[in-house]
Amino acid sequence: EGAHDAVDFGAGYGTFSIPTAKLIHGVVHALEIDPTSIRRLQERASIAGISNLRIAARDFVTTGSGLPDASVDYVMLFNILHHAEPLALTREAARILAPSGRLATLHWRTDIVTPRGPDLSIRPEPSQIRNWLEAAGLSVDQTEPIILEPYHFGFTARKPAAPPD
């Protein structure tokens with residue numbers, strides 16, 4: 001058993017990485033490109049007294065996560081797959097996931113108007129996200145997306161277990 005580390009791609013202000021860091025004993029790698037978001041995330045983590053959050057200023061779409069192969073147990077792709085290169089991002093997530101590691105996606109729904117989120121025209125459809133996860137070699141747990149009321153949907157997926165030696 002490893003330390004059960006996690007990664008939050010596009011951590012923003014820490015909406016998901018801070019609660020995750022409070023839940024797990026391993027490290028949460030919070031990857032973010034925006035300097036304002038990074039400063040806010042650092043402040044919020046400091047106020048919360050979190051010591052297992054590793055914030056990295058990275059353009060992970062262009063340069064990857066910077067993490068070793070098969071090094072983390074959980075990846076969060078939350079509200080990020082409308083950006084450029086979603087397949088490259090899901091492949092990078094699959095690369096860093098340990099065998100049997102889990103991945104979760106969350107995105108703004110495409111079937112309704114939401115008060116926040118990217119323009120409807122650039123939001124990925126659930127079928128697209130499922131296809132990207134499968135193309136990255138992950139096993140998707142649901143045929144249809146999980147609807148997370150009121151404005152989001154998601155999928156969970158798993159990296160196949162390592163073959164026995």
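Heavy-atom basis, side chains included; hydrogens, waters and symmetry copies ignored.
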Q: State plainly whether one hydrophobic cluster holds both I50 and Y13, where clusters connect Ile, Leu, Val, Met, Phe, Trp and Tyr through side-chain heavy atoms under 4.5 angstrom apart.
A: no
Q: Tell me if the centroids of the rings in H82 and H107 come within less than 6.0 Å of each other.
A: yes
Q: Can you list the other members of the hydrophobic cluster that holds L103, where links are side-chain heavy atoms under 4.5 angstrom apart?
A: V7, F9, L31, F60, V61, L67, V72, V75, L77, I80, L81, L87, L89, I96, L97, I129, W132, L133, L138, V140, I147, F153, F155
Q: For H4, does its backbone N or O pair with a side-chain atom of D73 as donor and acceptor, under 3.5 Å?
A: yes
Q: Can any side-chain N or O of S46 pair as donor or acceptor with the backbone N or O of Q42 at less than 3.5 Å?
A: no
Q: According to a 4.5 Å side-chain heavy-atom criterion applied to Ile, Leu, Val, Met, Phe, Trp and Tyr, with indirect links allowed, do F78 and I146 form part of one hydrophobic cluster?
A: yes
Q: Report the C-alpha distance between D5 and R54 in whole Å, list the side-chain angles of each, state the deciding distance to 0.1 Å, and finish with yes or no for salt bridge (Lys or Arg N to Asp or Glu O under 4.0 Å).
A: CA-CA 11 Å; D5 293 346; R54 302 286 175 270; over 6 Å; no
Q: Could you give the distance from CG (L120) to CD1 (I112), rounded to the nearest 0.5 Å?
A: 9.0 Å
Q: I'd like to know if the side chain of K159 and the backbone of S100 have a donor-acceptor N/O pair within less than 3.5 Å.
A: no
Q: Going hydrophobic residue to hydrophobic residue with side-chain gaps under 4.5 angstrom, can you get from L23 over to L53?
A: yes
Q: If you compare all heavy atoms of I122 against all heavy atoms of P118, which two are closest, and at what distance to 0.1 Å?
A: CD1-CB, 3.7 Å
Q: For the side chain to side chain donor-acceptor pair (under 3.5 Å) test, which of E125, R123, Q128 pairs with T110?
A: E125
Q: Just verifying a value: how many Å separate Y151 OH and L106 CG, rounded to the nearest 0.5 Å?
A: 14.0 Å
Q: Hey, can you pull the donor-acceptor pairs under 3.5 Å for the side chains in residues 14-22, sequence neighbours left out?
A:
from: T20; atom 1: OG1; to: F16; atom 2: O; distance (Å): 2.7

Q: Taking it one step at a time, do R39 and L41 satisfy side-chain contact (heavy atoms from CB on, under 4.5 Å)?
A: CA-CA 5 Å; R39 280 193 301 277; L41 176 53; over 6 Å; no
Q: Taking all heavy atoms of P99 and all of A161, pick out the closest pair and write down the distance.
A: CB-C, 4.0 Å
Q: Supply the atom-to-atom distance T105 OG1 to M76 CE, rounded to the nearest 0.5 angstrom.
A: 12.5 Å
Q: Under a 3.5 Å distance rule, please check whether E32 uses its side chain to pair with a backbone N or O of G12 as donor and acceptor.
A: yes
Q: Looking only at non-hydrogen atoms, find the nearest pair between A136 and A94 and report the distance.
A: O-CB, 3.4 Å
Q: Between E134 and R130, is there a salt bridge with N-O shorter than 4.0 Å?
A: yes
Q: Quick one: are R95 and S65 in side-chain contact, heavy atoms under 4.5 Å?
A: yes
Q: Flag yes if more than 12 heavy atoms outside E144 fall under 6.0 Å of its CD atom; otherwise flag no.
A: no
Q: Does a donor on one side chain sit under 3.5 Å from an acceptor on the other, for T63 and R58?
A: yes
Q: Report the C-alpha separation of R109 and E149 in whole Å, then their side-chain angles, then the decisive distance to 0.1 Å, and conclude whether the side-chain contact (heavy atoms from CB on, under 4.5 Å) test is met.
A: CA-CA 9 Å; R109 290 170 61 178; E149 296 290 353; 3.3 Å; yes
Q: With a 4.5 Å cut-off on side-chain heavy atoms, are T156 and R102 touching?
A: yes
